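As the structure is a prediction and not an experimental result, all values here were calculated from the model.
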Amino acid sequence: MSRGLAATAAIALLAVGTPAAPAAWADGDENVSVGTLLAARTHPAVQLTSLTFSGEVVVPTADVRQSALNELVSQIQVLVAAGKIPSDEPSMYKYMFKRMAADVNKYLVPTSPNRTVEARVGGMCTGWWVTPDGYMVTGAHCVDMSDQELSQTFAQQALQKFNEEDAKEVISGLENVVADEELISAAQQVYINFNSAHMKLENLQKSLSVLQSLPGGGVDKTAKEVPAELVSVGESYPGKDFALLKVNNQQNLPTVPLGDDSDVQTGNTLYISGFPGLVTNTPFFSIESKLDPAMTEGPYNARRTTTEGVPYIQTQAPSYHGNSGGPVFSREGKVIGMLIAGTVSEGGEASENESFVLPVSIIKEKLNEKNVKPSASLTTTKYDEALDAFFAKHYKDALPLFREVQTLHPNHPYVAKYITDSQQAISSGKDESPQPIWLWIVIGLGVLIAVVGGLVLLMALLRRRKRAATPPPAYGQAYGGVRAAAISRQDERPGWQQAAPQQYALPQGPSAESSGGYSPADRQQGGYPSQQQQYGGRDYDRGGYDDPRTGRPQHQHQQPQYDQYGQPIQAPDGATRYVRPAPAAYQQGGERDVADLEREVAELRRRLGQRQPPDA
């Protein structure tokens with residue numbers, strides 16, 4: 001029984017001392033979606049990248065080819081007469097500008113003076129850290145431009161001022177014409193095409209940088225451009241659209257883990273993280289908010305292969321300009337590819353219906369070529385542990401971990417907010433952190449001690465109850481028929497101790513006879529003197545003594561039996577003439593100690609061994 005209870009206590013101790021572990025984050029919580037958990041873990045490693053070209057833009061002055069313009073005016077008159085175009089002057093000028101914009105070199109010729117303007121153009125993409133010391137992965141088309149793309153970009157961003165000035169000068173020369181928006185737009189298009197075609201770039205410089213967010217401060221202090229070095233670049237889409245950057249003097253950067261192509265298949269949900277251009281190019285949002293990546297999700301539709309033999313994953317996870325180079329995650333939070341391209345509508349707008357992802361196997365291949373080994377930083381490890389505790393509502397456990405992350409990486413973009421949120425949750429009484437393991441051990445030991453103490457007490461009570469239930473030895477019956485209960489109260493027979501002898505030794509030899517003991521005649525009769533003779537004629541039987549109220553015997557006297565030596569069979573401790581009183585412990589009505597009883601039995605046996613038979 002005690003072993004069973006001890007085992008139960010041990011099991012209870014283990015149950016109390018082992019707190020429940022938080023559920024795996026990838027499985028999500030009933031109140032936290034997988035996308036939310038993914039964003040929390042991966043966004044610190046996702047950064048906004050910037051490609052910038054700067055230089056001098058040289059544009060010649062446009063001069064009209066008069067002969068070509070006169071021919072165009074004649075054609076317009078014919079069309080007006082035929083009723084093919086309206087006869088009002090605004091309509092005729094609009095038609096003329098459209099024809100000139102379609103073939104600017106036919107109607108305009110470059111001339112001096114040249115006009116020069118310093119310009120700075122570029123684009124934004126997405127990149128992500130793969131090592132704690134500053135290696136970053138992004139798309140090839142995010143770090144370089146072809147000459148044609150570069151000219152178009154400068155034309156769009158650097159020539160706007162010249163285009164507007166040239167169109168305004170032309171329209172001002174038109175007499176009696178009120179220019180509307182359509183007419184102004186038609187005139188500007190002529191000079192947009194001409195200036196772009198004859199523009200020259202001088203002193204061109206290229207730079208790559210990563211925009212790192214800085215916690216706190218004003219709008220001008222929340223982002224810092226950190227120069228990046230181009231280590232490796234592949235071919236733009238539909239080739240292996242991959243680029244590797246290196247930012248020097250970095251340590252403990254947050255990173256994301258790489259998975260395998262086999263981690264996902266058709267039907268799985270994919271998650272894209274990045275910076276859509278429709279946000280980063282909008283002036284209405286603060287710089288701080290622009291540096292927060294957006295996450296979209298959609299199904300894995302199919303695996304495709306380009307004409308160049310490069311595999312791509314087709315997905316319906318939405319993506320936009322600026323998402324290029326962003327990591328694509330599986331549900332388990334590992335990178336399975338990089339967003340490269342999307343379908344484009346006839347108007348040049350990106351379609352969110354289909355996106356194309358470069359598989360992670362190509363990324364690993366390119367990293368191996370440069371002997372770059374992806375690894376997790378201590379910042380990432382501690383941050384992930386803190387997030388596990390945070391989303392399990394163990395805010396007291398999460399708080400010191402977040403602070404450790406802040407020490408490891410002071411420019412961490414999100415840890416400051418998590419520290420504040422954890423402190424507020426603790427102050428609001430929302431913390432559900434388990435007790436420390438040492439406290440559970442103390443509680444468990446206390447429970448075990450209490451159980452053991454209870455077992456000891458229970459065993460003591462059972463032993464005591466067992467002794468109480470065992471009847472005491474019948475000394476009255478064994479030593480002459482006087483029951484212990486009958487003589488336990490000394491006040492019932494005041495003369496008892498005066499009549500009874502004071503010692504237990506048996507009388508031997510003549511001294512016994514001379515002192516009123518038994519005689520030879522008694523020996524011949526085979527018995528001892530009766531108790532009546534010994535005690536003045538009173539008849540004490542085995543059951544007790546005379547009734548003090550009547551003076552008559554309580555029970556009929558029974559003659560004791562003797563063996564061949566004259567010894568009473570029922571009195572192994574001596575003659576029946578000495579009726580031994582009950583032990584003191586029983587006289588008081590209490591329980592007798594077992595050790596005392598054993599000592600008395602040993603004493604009785606010793607006396608029996610010294611005693612001589614009656615006929616010796």
Side-chain angles (χ1 to χ4, degrees), residues 53 55-121 123 145-202 204 277 281 283 321 344-351:
F53 290 91
E56 295 178 351
V57 179
V58 180
V59 181
T61 301
D63 193 12
V64 176
R65 293 179 185 271
Q66 195 62 45
S67 59
L69 184 60
N70 291 337
E71 183 180 355
L72 178 59
V73 171
S74 299
Q75 292 176 1
I76 292 174
Q77 291 174 351
V78 173
L79 293 174
V80 170
K84 292 184 178 181
I85 59 175
S87 58
D88 60 283
E89 289 186 354
S91 297
M92 290 188 293
Y93 283 124
K94 290 177 184 177
Y95 182 81
M96 182 184 70
F97 289 144
K98 288 179 181 179
R99 289 285 299 272
M100 292 177 66
D103 192 0
V104 291
N105 291 329
K106 181 179 180 180
Y107 300 101
L108 298 177
V109 60
T111 185
S112 58
N114 288 335
R115 298 168 293 177
T116 303
V117 62
E118 291 185 357
R120 179 185 176 93
V121 300
M145 292 184 184
S146 65
D147 292 342
Q148 181 180 1
E149 291 175 332
L150 189 59
S151 297
Q152 291 177 350
T153 303
F154 267 105
Q156 294 173 358
Q157 300 185 23
L159 299 180
Q160 184 177 359
K161 179 181 179 181
F162 294 149
N163 298 335
E164 292 177 353
E165 290 178 352
D166 292 343
K168 184 179 180 180
E169 183 179 353
V170 170
I171 292 174
S172 65
L174 302 177
E175 298 179 357
N176 302 320
V177 175
V178 178
D180 57 12
E181 291 184 3
E182 186 178 358
L183 180 59
I184 295 174
S185 177
Q188 286 182 355
Q189 190 62 47
V190 173
Y191 290 98
I192 288 174
N193 294 346
F194 175 81
N195 291 335
S196 299
H198 296 278
M199 176 189 70
K200 293 181 180 180
L201 299 176
E202 297 179 357
L204 186 63
N281 296 329
H321 290 299
V344 181
S345 64
E346 294 181 357
E349 298 295 330
S351 173

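- More than 12 heavy atoms of other shown residues, nucleotides or ligands fall within 6.0 angstrom of atom CD in E89.
- Applying the 6.0 Å contact sphere to CD of E118 captures no more than 12 heavy atoms from other residues, nucleotides or ligands.
- By the side chain to side chain contact (heavy atoms under 4.5 Å, CB included) test, D166 pairs with R115, Y191, N195, sequence neighbours left out.
- To the nearest 0.5 Å, atom CG of residue N114 and atom CD of residue E202 are 8.5 Å apart.
- Enclosure of atom CG in D180 by more than 12 non-hydrogen atoms of other residues, nucleotides or ligands within 6.0 angstrom is indicated.
- Put simply, CD on Q77 and CE on M92 are 8.0 Å apart, with the number rounded to the nearest 0.5 Å.
- Heavy-atom minimum distance, R120 versus F154: N-CE2, 4.5 Å.
- Summarising the geometry of R65 relative to L108, their closest heavy-atom pair is NE-O, 3.8 Å, with the distance given to 0.1 Å.
- If you take CG on L79 and OG on S87, they are separated by 12.5 Å, rounding to the nearest 0.5 Å.
- Contact between I171 and A179 at its shortest, heavy atoms only, is CG2-CB, 3.7 Å.
- Separating the CZ atom in F194 from the CG atom in L159 is a distance of 11.5 Å, to the nearest 0.5 Å.
- Taking CD from Q157 and CZ from F53, the interatomic distance works out to 11.5 Å, rounded to the nearest 0.5 Å.
- Taking all atoms of both residues into account, the shortest heavy-atom contact from P113 to T61 is O-OG1, 2.6 Å.
- Nearest heavy atom pair, residue A167 against residue A187, reads CB-C, 3.9 Å.
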Show the numbers, then the answer: is there a side-chain contact (heavy atoms from CB on, under 4.5 Å) between V170 and V190? CA-CA 10 Å; V170 170; V190 173; over 6 Å; no

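- Under 3.5 Å, the side chains of Q156 and Q152 contain no donor-acceptor pair of N or O atoms.
- V57 has its side chain out of reach of T116: every pair of non-hydrogen atoms, C-beta onward, lies at least 4.5 Å apart.
- Here the straight-line distance linking atom CD of E164 with atom CD1 of I192 works out to 8.5 Å at 0.5 Å rounding.
- For the pair V117 and K161, the minimum side-chain heavy-atom distance is 4.5 Å or more.
- More than 12 heavy atoms of other shown residues, nucleotides or ligands fall within 6.0 angstrom of atom CD in E165.
- Between P60 and H198, the shortest heavy-atom distance links the atoms CD-O, 3.3 Å.
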Worked verdict on M100 versus L69 for side-chain contact (heavy atoms from CB on, under 4.5 Å): CA-CA 9 Å; M100 292 177 66; L69 184 60; 4.2 Å; yes

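- The backbone N or O of E169 lies less than 3.5 Å from a partner atom in the side chain of S172, making a donor-acceptor pair.
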